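This report concerns only the one structure given below.
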Amino acid sequence: MTKRTVPLLVGNWKTTPATLVEAVKFVKTLDKKLASAKTKSLKTLPKKSYYLAAPDIFIPHLQDVATHGYIGSQNISGVSLGQETGETIPSMIISGGADFAIIGHSEVRARGETSDARAHKVALSLQSKLTTILCVGEHTRDNQGKYLAELEEDVKQTLSLVKRDLFEHLVIAYEPVWAIGGKTPASTHECFEVVIALRRALAALAGIEYAKKVHILYGGTVTTENAKSFIEEGGVDGLLIGRASQDVETFEEIILSCHKNK
Ligand code: 13P
């Protein structure tokens, strides 16, 4: 498996911040801090070093001001262009400035997203060549490791409509539901064993060469203290960060720490 050299660090803002003014201020402040770090202390920091999944309505505005990161959506719809009230489809968010989309977050699944709907969203998003972050994760763990087989099955089912030459646009985020929004993250060992299972599922679907193109992230109680360990010991190519991406200093600290000593 090819280890990525540049970590993919994605903030999931969820329903924050409350206003566009705050969102723009956040991105401008973050960009200023990163630009300064790049000139002063971390010359190896890439020009664009973060991804931010924002509320859709903020995307075009943030795209205008974000020079050091990518802006994306937290969910899309898999319905067709036409008569579907209240839905936002990939062509709309792409033309509004989105660089990527998250699909299948456990909080969206909990609001009733079906596996069928998820498979359609992923297929449509990838057909549109949108970088697509598919979230998977178990609710609980059992001693026999059944959750690993269930995760593999979830990946296979959700990607069943996707052609393998679109895998280069696919990212999978492993987010154990029990670790989201809590105090205890998965251990790097627990993360590593799931990464192997996910790679196995991808290889079974599309062959090893295509499976290798997929980036895998970890999410669930990522903090400034544990962020780098998932990349160094957990076998992932990056992180999907909730609460710690909603505070500009904390998010900056994570970005810088994950890029140090490259
Ligand atoms: P926390 O980092 O707040 O646990 O949230 C994780 C998450 O849901 C990212 O998508």
Side-chain angles (χ1 to χ4, degrees), residues 7-18 22-23 26-27 30 49-56 58-59 62 69-76 93 98-113 118 121-122 125 130-141 147 151 154-155 158 170-188 190-191 194-195 198 214-231 234 236-258:
L8 215 151
L9 305 169
V10 187
N12 181 4
W13 267 2
K14 307 192 180 184
T15 38
T16 76
E22 291 167 85
F26 183 113
V27 167
L30 180 61
S49 53
Y50 65 87
Y51 290 68
L52 256 183
D56 282 353
F58 296 167
I59 292 174
L62 298 181
Y70 299 96
I71 305 297
S73 175
Q74 300 170 18
N75 188 18
I76 54 147
I93 63 152
D99 299 307
F100 71 98
I102 295 176
I103 292 176
H105 191 281
S106 61
E107 288 154 9
V108 177
R109 293 183 186 221
R111 292 197 297 271
E113 182 188 63
R118 191 156 49 249
K121 288 179 184 192
V122 170
S125 181
L130 190 61
T131 298
T132 303
I133 304 177
L134 168 65
C135 299
V136 297
E138 76 283 4
H139 283 264
T140 50
R141 288 188 163 217
Y147 64 94
L151 287 175
D154 186 11
V155 167
T158 311
L170 175 67
V171 178
I172 295 192
Y174 168 52
E175 294 209 306
V177 181
W178 49 267
I180 294 177
K183 288 201 176 91
T184 314
S187 69
T188 53
E190 287 169 328
C191 178
V194 173
V195 171
L198 296 177
V214 180
H215 286 65
I216 298 184
L217 314 179
Y218 169 78
T221 313
V222 170
T223 62
T224 45
E225 288 76 31
N226 65 28
K228 202 173 181 191
S229 68
F230 286 104
I231 294 166
V236 291
D237 308 301
L239 303 164
L240 183 53
I241 308 155
R243 287 159 295 168
S245 73
Q246 296 163 6
D247 173 77
V248 72
E249 272 83 26
T250 312
F251 194 35
E252 181 215 5
E253 207 178 312
I254 290 179
I255 297 165
L256 297 184
S257 73
C258 291

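Not measured: the values here are computed from a predicted model. Each ligand, and each atom within it, is numbered from 1 in the order the structure gives.
Val195 approaches Gly234 most closely through the heavy-atom pair CG2-O, 3.6 Å. In plain terms, the two heavy atoms of Ala179 and Ala186 that are nearest each other are CB-N, 4.1 Å.
The nearest protein atom to atom 2 (O) of ligand 1, hydrogens excluded, is given as Gly242 N, 3.0 Å; this is a heavy-atom distance.
Taking every non-hydrogen atom of Gly181 and a distance limit under 4.0 Å, the qualifying atoms of ligand 1 come out as 1 (P), 4 (O). Close contacts between ligand 1 and Leu240 involve ligand atoms 9 (C), 10 (O) [criterion: under 4.0 Å to a heavy atom]. Counting the atoms of ligand 1 from 1 in the order shown, those under 4.0 Å from a heavy atom of Glu175 are 6 (C), 7 (C), 8 (O), 9 (C), 10 (O). Heavy-atom proximity to Arg243, at under 4.0 Å, picks out these atoms of ligand 1: 1 (P), 2 (O), 3 (O), 4 (O).
A search for ring-ring contact (aromatic ring centres under 6.0 Å, His included) contacts involving Phe100 returns Tyr51, not counting sequence neighbours. Take Glu107 and apply the side-chain hydrogen bond (donor to acceptor under 3.5 Å, both in side chains) test, not counting sequence neighbours, and it matches Lys14.
The aromatic ring centres of Phe58 and Trp13 sit 6.0 Å or more apart.
Looking at His105 and Gln74, their side chains never bring a donor and an acceptor atom within 3.5 Å of each other.
The shortest separation from a heavy atom of Ala244 to ligand 1 is not under 4.0 Å, leaving the residue out of contact.
Contacts with ligand 1 closer than 4.0 Å are made by side-chain heavy atoms of Asn12 only, the backbone lying farther away.
At least one N/O-N/O distance between Thr221 and ligand 1 falls below 3.5 Å.
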